[in-house]
Number of protein chains: 2
Amino acid sequence: MKATIVDVAKESGVSVATVSRVVNGNYPVREKTRLKVENAIKKLEYVPNLQARELNTQRSSSIGVVVPSFDNMFFAQVLDGIEERLRRSSYSLLLACAQNDAAREEECVRDFITRNVSGVIVVSPNTETAVSEFYENTAARLPLVFVNSARELAGISYVTSDQRGGARAALEHLFHYGHERILFVQGENSDSYRIKEKVYREIMRERGAFHPEDIVNVGEGNRIETVENTMFILMDMMQGLAPTAIFCCNDLMAMGAVNACQRMGRRVPQDISVIGYDNTALSQYTAPKLTTIDQHMGDLGREAARLMLKQIEENVTENVMLANTVVERETTGFRME
Amino acid sequence: MKATIVDVAKESGVSVATVSRVVNGNYPVREKTRLKVENAIKKLEYVPNLQARELNTQRSSSIGVVVPSFDNMFFAQVLDGIEERLRRSSYSLLLACAQNDAAREEECVRDFITRNVSGVIVVSPNTETAVSEFYENTAARLPLVFVNSARELAGISYVTSDQRGGARAALEHLFHYGHERILFVQGENSDSYRIKEKVYREIMRERGAFHPEDIVNVGEGNRIETVENTMFILMDMMQGLAPTAIFCCNDLMAMGAVNACQRMGRRVPQDISVIGYDNTALSQYTAPKLTTIDQHMGDLGREAARLMLKQIEENVTENVMLANTVVERETTGFRME
DNA sequence: TTGAAAGCGCTAACAA
DNA sequence: TTGTTAGCGCTTTCAA
């Protein structure tokens with residue numbers, strides 16, 4: 001069986017208290033005693049039991065993270081950022097996947113509470129659950145951080161990305177290249193499309209360049225088929241219209257847009273410019289490489305971890321909004337007649 | 001403060017043992033008593049403390065998973081599989097990232113032991129560490145499962161994917177379409193390239209169709225730049241050679257190969273066929289869509305979780321090798337003159 | 001500088 | 001069917 005602190009104490013002929021002091025190094029121990037204990041530890045391959053320690057000290061050194069799914073590169077990157085920041089602390093990461101399901105999300109959080117985590121980070125919380133009583137109660141119990149949630153609740157820290165600003169930056173980038181007739185491509189069922197559409201409408205109206213028919217909806221926006229769907233829909237649409245640029249709500253759609261242009265014999269960016277959103281790895285794989293908006297997902301994760309640590313240590317919540325920035329690559333530019 | 005079992009016992013006027021029995025439902029409790037206790041639990045918002053329970057029962061209900069990094073879609077998919085299988089059990093998942101570093105990998109495993117996990121799954125263990133004494137000692141302490149490791153140690157369960165068979169299947173797929181002169185594109189520093197190269201050499205030699213100059217090395221094979229590097233190297237190479245097909249060790253390289261062909265005015269697959277490896281999401285985003293070999297990474301993860309559970313429950317190790325299968329899409333076919 | 005002992009929240013024998 | 005109690009492995013107060 002695994003060696004316990006008692007075994008070590010016996011082996012080295014001291015009390016368990018002394019062993020504990022050696023292990024934690026928080027109280028003075030005579031050099032000679034320390035050596036004896038350390039030898040015994042090595043000999044018995046003793047590893048302290050964190051569960052017991054935490055039960056005793058009423059602390060916990062794990063943080064729960066709930067993600068809605070793994071198939072999306074977005075979450076992998078946020079997770080990466082969280083892990084990176086947490087690594088420098090003494091906390092470790094308990095992971096659960098909510099499968100895009102509100103009930104399952106609650107379940108995950110409850111399980112974390114049972115496991116006595118120090119706090120829970122929820123990435124893209126389900127909008128149904130996010131407004132519910134459930135999270136209000138949970139926030140009263142333990143530190144809670146939301147990543148990318150539109151709705152705000154008391155006692156919860158938020159880290160979001162400035163999609164309004166990002167949409168504006170994307171359009172200004174296109175204006176800068178002299179584009180006026182700009183198609184807007186979005187999908188269904190996501191707050192993030194709503195936000196961008198609103199900005200698009202406002203800005204285009206301001207310029208007197210708004211045409212309702214320039215707004216294209218390609219349906220489900222985060223699947224593999226999105227690329228192809230977007231391509232076909234645009235090939236259809238663009239027959240009648242003569243946009244000089246296309247603003248897409250994510251890189252999948254942008255990729256479909258580029259493909260559509262190429263199939264129709266329009267050069268990108270000489271004939272038509274395309275800008276995407278998210279700066280997923282994808283955007284660099286294509287030829288030409290996508291100009292897009294970076295949401296800095298790694299930073300989103302790092303910030304979430306930082307806010308969590310802050311809540312645990314100082315018991316204060318904080319909200320952070322990260323800027324979205326243009327990454328210019330090869331799909332935007334001036335028109336060449 | 002959080003309510004404990006003692007609080008619930010007091011509130012409902014029974015002993016802690018009875019509360020425990022109600023919570024666990026493992027011993028008979030009179031209906032009326034049970035109701036009293038349940039009410040108290042609800043009233044106090046009591047959540048049992050798993051740490052205490054596990055300390056007492058000498059059990060643990062978490063499994064540690066170490067991945068080398070997150071930036072690779074591969075690991076995200078394996079993780080997805082592990083999580084999916086574990087979800088149906090009562091175990092939860094402790095995650096750590098080794099950052100492609102052998103020392104850091106050991107550290108992660110040690111930390112898991114301290115946290116008293118039931119077992120550890122290591123995805124793509126570092127080859128240095130994999131052969132070391134470290135894992136031998138660790139395997140003696142607790143269940144260990146390796147995903148995608150070339151070297152085998154006693155007391156450890158393995159789940160690997162049959163890359164030999166996959167490479168053979170890829171070549172046979174090309175032979176089937178009548179290709180004889182086939183370029184082999186690989187990268188540096190990975191067992192998986194070695195394995196495929198060996199198969200390629202063997203099979204091409206057997207057919208008397210082996211030309212040493214057909215083996216191309218594009219350097220670092222798992223970065224974003226791999227796509228572009230591959231493209232330039234191949235555009236250079238293919239001037240002199242006249243292959244009718246290209247077998248690439250991963251989808252990044254295959255994407256680069258397709259781009260190279262297109263730039264050189266060769267139609268894919270009418271003039272030249274390209275086959276990739278991995279079946280990453282990427283392979284479906286391109287136009288034309290990549291024919292590739294599926295490693296079934298989700299299954300790899302699910303199997304790893306299954307073997308872990310088996311080791312925990314029955315204390316037996318098992319090795320599994322998953323078949324790699326051809327996924328035919330749009331980049332392979334007969335030559336059209 | 002060290003040891004004895006209480007107790008963290010829980011389960012499970014044992015007794016009633 | 002229920003209660004009493006020992007003890008899981010550890011930390012920490014208190015006393016020596």
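By convention in this document, chain letters (A, B, ...) are assigned in the order of the sequence lines, proteins followed by strands, and residues within each chain are numbered from 1. These figures come from a predicted structure and were not determined experimentally.
- Between A/D278 and A/Q295, the side chains place a donor N or O and an acceptor N or O closer than 3.5 Å (distance only, hydrogens not considered).
- The side chain of A/R53 places an N or O atom within less than 4.0 Å of a non-bridging phosphate oxygen (OP1 or OP2) of D/dT11.
- Under a 3.5 Å cut-off, the side chain of B/S20 and the backbone N or O of B/V16 do not form any donor-acceptor pair.
- A close approach under 4.0 Å does not occur between any side-chain nitrogen or oxygen of A/N26 and OP1 or OP2 of D/dT11.
- Phosphate contact (OP1/OP2 of C/dG9, side-chain N/O of A/Q58, threshold under 4.0 Å): present.
- Residue A/Y46 has no polar side-chain atom (N or O) positioned under 4.0 Å from OP1 or OP2 of D/dG9.
- Checking the phosphate oxygens (OP1, OP2) of C/dC8, no side-chain nitrogen or oxygen of B/N49 falls inside 4.0 Å.
- A/T57 has no side-chain polar atom (N or O) that falls below the 4.0 Å cut-off from OP1 or OP2 of D/dT11.
- Between A/A98 and A/R104 the shortest heavy-atom distance is O-CG, 3.1 Å.
- Side-chain proximity of B/T4 to the nucleotides C/dA5, D/dT1, C/dC10 is greatest for C/dC10.
- Close to D/dT12, at under 4.0 Å from its OP1 or OP2, lies a side-chain N or O of A/R59.
- In terms of phosphate contacts, B/T18 brings a side-chain nitrogen or oxygen within less than 4.0 Å of OP1 or OP2 of D/dG3.
- Taking atom CG on A/N24 and atom C1' on D/dC10, their separation rounds to 9 Å, with Å as the unit.
- Listed by chain and number, the residues in a salt bridge (charged side-chain N to carboxylate O under 4.0 Å, His left out) with B/E45 amount to none (sequence neighbours excluded).
- Distance from the side chain of B/L55 is smallest for D/dG9 among the nucleotides D/dG9, C/dT2, C/dA12.
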